[in-house]
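Bear in mind the structure is a predicted one, so any value in this text is a computation, not a measurement. Atoms within each ligand, like the ligands themselves, are counted from 1 in listed order. Computed over heavy atoms, backbone and side chain alike; hydrogens, waters and symmetry mates excluded. Just so you know, residue 1 is the first one in the sequence shown, and it goes up from there.
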Amino acid sequence: MSAANQPAAGETEEMQEFLAALPSQHVEPLWSQMSMMVPPTPNPAAKAHIWKYEDTLPHLESAGRLVPEEKAERRVLMLVNPNLKSPFTTDTIYAGLQLVNPGETAPAHRHIAFACRFIMDGDGFTAVEGKKMPLTRGDVVVTPVWHWHDHGNESDKPVIWLDLLNLPLFTYARVNFAENYASPRYPSELQDPCEWRHPWTKPLSEILAMQAESIDIGHATEETRDAASFVYHCYEGEGRTEIESPSGEKSVFQWKARDTFAVPAWSKIKHFNESKAEKAYLVACHDGPFLDNLGLRKPVM
Ligand code: 1HN
C-alpha cells in the first residue's frame, strides 16, 4: 500500500494527480492509514523495563549530596522508559525516585496533575491542604488535583519515595499547570489518621489506582492482561515477573525489595515468588480508573 499521500507505481494518472493535490489542502486519505488507527490490539509505545534499586540508589544519593534544596524544587530521578523520553515511564504513568534530606523542605505548590507516592525508606512528612501526615515505609500518600502540598523530613536520615503522576496524559491534553505557594510551607497541623494517607494495610483508588498483591512462597499468580499499564514496585520478597508485550517482546525481570518495573498496556503478566522463606509483596500503580472514566477499556460482554 502507498504511504499516506504518496502516489504509488501502478496507479492511474488521474489517481496520482488526485493524491498529489491533497497535501496542499492539508488533507490525507484515511484508507491508507486505517489499520494503524484501529490496530488489532492496544499498541503501547513503552517497553517493559526494570530499575534495580541497588543500581539507581547510588545516583539518587549523589543527587542528595550534589543538588542543594534550593536548586531542586523536587529532588527526583525520573524513571524514563527506554523507548520514550520523560515524562513517560509507561504510556500513561510517570514515576520518579524522590529524596528529601534531614531538615529540608520541598516547597508548597499545587497542580492539575494527580500524584500518589509510595514511601520506600526513612521517615518524612507530606502536608496536604494543611493536614500534615507522618510518612513511613509502606505508606501511600495521595495529593489530589489542585491541593497544596509540601514535603519535609524532621528525622536524621534521608527519606526516599516513589512518585507516581499522570503527567504523560498532559502531553495530549495540555492543561496541566502549577501554582507556587508564597511560603515554602503551607500552614499545617498534624493529622493522623488522614484521608490522604493510606498505610500499608489499606490501598486506594483514583485517577491512578494503587494496588497491593501478595504471593505465597513457591506460588505464581495467574497470567493477566489488561489495557491498563503498570508501574510495579516490590515491597518485600524476591521473585521474577514474566512479561510479554503486545508487540511480542518477552522480558523476565528478577526483583527484590525496592526494585521498580514498568509494564506496557496489554502485556501478559505473570509473577513468581522465588523465595523459600518469605511471602512476596508487590505494589502497583495503574491507570485503570482513568481508562474507565473515559470509557477506554474493552467492555465485558
Ligand atoms: C511534584 O509535584 C512532585 O510534589 C514530584 O513531590 C514530582 C513531577 C512533575 C510535576 C510535579 C511532588 C513531580 C511533581
Side-chain angles (χ1 to χ4, degrees), residues 51 56 59-60 63-64 67-81 84-137 139-155 158-188 194-198 204 206-208 210 231 233 260 262 285 287 290:
W51 291 265
T56 47
H59 301 287
L60 189 60
V67 183
E69 179 183 20
E70 61 279 5
K71 277 274 173 64
E73 184 171 349
R74 297 293 189 264
R75 189 189 293 105
V76 175
L77 287 183
M78 301 188 286
L79 306 184
V80 182
N81 193 281
L84 298 165
K85 50 193 172 111
S86 69
F88 295 93
T89 306
T90 73
D91 286 74
T92 51
I93 304 170
Y94 155 99
L97 296 173
Q98 180 161 174
L99 181 149
V100 182
N101 278 318
E104 288 183 340
T105 297
H109 66 190
R110 58 182 177 179
H111 41 66
I112 301 298
F114 171 85
C116 43
R117 309 173 209 289
F118 183 79
I119 313 304
M120 294 168 61
D121 267 314
D123 293 292
F125 70 83
T126 289
V128 177
E129 291 282 329
K131 298 178 180 177
K132 182 176 171 184
M133 293 160 267
L135 299 174
T136 195
R137 175 163 168 72
D139 291 350
V140 170
V141 62
V142 177
T143 43
V145 170
W146 209 245
H147 280 46
W148 292 111
H149 57 283
D150 52 81
H151 315 297
N153 180 350
E154 291 163 343
S155 82
V159 59
I160 296 175
W161 61 71
L162 181 67
D163 286 319
L164 299 149
L165 287 89
N166 57 345
L167 295 176
L169 306 182
F170 299 106
T171 60
Y172 301 99
R174 301 177 68 95
V175 294
N176 185 32
F177 69 110
E179 183 182 5
N180 293 326
Y181 192 64
S183 313
R185 294 231 175 120
Y186 185 89
S188 64
C194 181
E195 68 267 45
W196 296 308
R197 175 174 170 242
H198 303 265
L204 77 148
E206 239 285 328
I207 299 174
L208 295 178
M210 286 288 283
V231 174
H233 181 83
T260 303
C285 175
D287 61 333
F290 159 76

### Message
Please enumerate all residues that pass side-chain hydrogen bond (donor to acceptor under 3.5 Å, both in side chains) together with R137, with sequence neighbours excluded.
### Response
none
### Those residues that, when tested against H151, pass side-chain hydrogen bond (donor to acceptor under 3.5 Å, both in side chains) (two or more places apart)
T126
## Note on the structure
Near ligand 1 (heavy atom, under 4.0 angstrom), the protein residues are R74, Y94, Q98, H109, H111, R117, H149, H151, D163, L165, L167
#### Entry: Polar side chain donor-acceptor pair, T143 to R117, under 3.5 angstrom
yes
### Query
Among side-chain atoms of D150 and W148, is any donor-acceptor pair under 3.5 angstrom?
no
### Message
Over 60° means perpendicular and under 30° means parallel, so tell me whether W146 and F177 are parallel, tilted or perpendicular.
### Response
tilted
### Query
Which residue pairs pass the salt bridge (charged side-chain N to carboxylate O under 4.0 Å, His left out) test with at least one member in residues 118-130, sequence neighbours excluded?
D121-R258
